[in-house]
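As the structure lists them, so they are numbered: ligands from 1, and atoms in each ligand from 1.
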Amino acid sequence: MINDLSVSDMVKKFGNFTAVDGVSFDVPAGSFFSILGPSGCGKTTLLRMIAGFEEPTSGDIEIRGGSMLGVPPNKRPVNLVFQHLALFPMMNVAENIAFGLKRRGVGAAEIKKKTETILERVGLPGYGEKQINQLSGGQKQRVAIARCLVLEPSVLLLDEPLGALDLKLREQMKVELKKLQAKVGTTFIYITHDQSEALVMSDRVAVMNKGRFEQVGSPQELYGKPATPFVAQFVGDNNKWSGKVVESDSEKVILLTDEGYTFQTKPHGACVSGGRADLFLRPEAMLIEPKDRTGLNVFEVTVKSILFDGANSRLLTVTKEDHELIVSLPQNRRFDHIEPGNEISVGWHPDSGICFGAEE
Ligand code: ATP
């Protein structure tokens, strides 16, 4: 498989502080790759090194097989879409898009053709004459992307481009951006701190924490098989229990939680008998059981509130020990009667727990 981008052992230090700490990854041509992590984890610094605005302390960046070390930003086959778009307000849409082509000395007829084609591609045919302030937030977004794509970069870098949009538009643009990427076939490197953006749009996601990649995988892998407790917590919603490992072998782990519950799960990260462990359970792994049922991993909770969200409603529940747990509410009339204050039994299958050994 051809890689559009290969980053190897990238390090960036600012004085004594290491912002990017030995990051390596490959991005196959034509894919949507996201770098997901909390504020300050080093995402922007990594992107700026790929774009050429920041020199790495060590490591290499190759785009389509050629090293970019020492290559100035305007000579790299990449383009960057900023969160604040940086459109020129005094120019109309077509002039904004033509700007980079003009600087490259492309002729007027060619510019016109390319501008029309790219506006069509991003779903804004005939918008060339519009002023920037006549556009909606989502349309501005598309013009900013069109302005970069018209230069035909090998790799398009996007730095939290949906951050400035309101929630509804952000939801819409997630789907649109994914479709647009699939249509144009350009490799997208997308940075975000929003896990739902990364999961919805990406072919692969790197989860970054404190300058390092904790895991690189498909959205399904990150959600279903998180490699570290950080990934388990950062990607998707979770219920968490901490406790002591009573028994651990290759088949099962028995955990005595700090509240006194005994749970059985499968080993995930290394769990040592006698050591401590953290257990993560997705809300949809918690099943509502018939009342008074006993059995493996079954216990009682009280419903505190119903977090109604149409198709994905959830229950906020609490154990006797005041441990809050989120339980997905299946769309099933059988559960229509559940109300705040009800005591219900919940349980989970040993295969669905995600258990990691923890520090003492
Ligand atoms: P955010 O989502 O908030 O933008 P980020 O993950 O993009 O965060 P970076 O902007 O890459 O994080 O910053 C990573 C760390 O490096 C931060 O602690 C930041 O303070 C530090 N840093 C970034 N640029 C510089 C600089 N020029 N000089 C010193 N420290 C810097």
Side-chain angles (χ1 to χ4, degrees), residues 5-25 27 32-61 63 68-74 76 78-87 137 140-141 144-145 148 153 155-167 169-171 173-174 177 187-202 204-217 219 222 226-236:
L5 175 69
S6 289
V7 169
S8 25
D9 221 1
M10 183 77 86
V11 174
K12 179 68 189 179
K13 295 190 177 190
F14 295 110
N16 285 335
F17 178 73
T18 306
V20 175
D21 192 7
V23 164
S24 302
F25 63 103
V27 182
F32 197 126
F33 186 89
S34 291
I35 300 169
L36 168 69
S39 179
C41 73
K43 309 180 289 293
T44 302
T45 305
L46 182 55
L47 208 71
R48 286 172 58 80
M49 290 194 284
I50 299 169
F53 299 129
E54 203 81 70
E55 272 299 306
T57 306
S58 60
D60 196 9
I61 305 160
I63 295 179
M68 292 292 118
L69 293 186
V71 178
N74 60 350
R76 296 189 184 198
V78 300
N79 224 318
L80 180 58
V81 180
F82 296 95
Q83 179 173 7
H84 294 292
L85 307 184
L87 292 170
K140 283 184 194 155
Q141 197 71 51
I145 292 171
C148 292
V155 175
L156 186 66
L157 307 172
L158 301 106
D159 188 353
E160 309 233 15
L162 306 186
L165 303 180
D166 65 48
L167 183 66
L169 195 51
R170 220 156 57 214
E171 291 299 314
M173 284 303 291
K174 268 193 243 178
L177 260 184
T187 298
F188 277 26
I189 311 286
Y190 186 95
I191 68 171
T192 180
H193 62 270
D194 179 333
Q195 47 107 6
S196 77
E197 279 181 16
L199 294 186
V200 168
M201 293 191 281
S202 318
R204 287 166 73 71
V205 181
V207 180
M208 193 171 188
N209 181 30
K210 296 184 184 156
R212 291 171 174 269
F213 278 3
E214 297 238 348
Q215 188 173 4
V216 182
L222 296 179
T228 66
F230 178 83
V231 177
Q233 247 168 331
F234 199 73
V235 178

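- A donor-acceptor contact shorter than 3.5 Å links the side chain of Arg76 to the backbone of Val71.
- Listed by chain and residue number, nothing satisfies the side-chain hydrogen bond (donor to acceptor under 3.5 Å, both in side chains) test with Thr18 (two or more places apart in sequence, or in another chain).
- For Glu214 (side chain) and Val231 (main-chain N/O), no donor-acceptor pair under 3.5 Å exists by modelled atom type.
- Proximity of a side-chain donor or acceptor of Ser34 to a complementary backbone N or O of Ile191 within less than 3.5 Å is not detected.
- Between the Lys13 side chain and the Thr57 main chain, no donor and acceptor come within less than 3.5 Å of each other.
- At least one donor-acceptor pair closer than 3.5 Å links the side chain of Lys43 to the backbone N or O of Gly37.
- Near ligand 1, heavy-atom contacts under 4.0 Å come from Phe14, Phe17, Ala19, Pro38, Ser39, Gly40, Cys41, Gly42, Lys43, Thr44, Thr45, Glu160.
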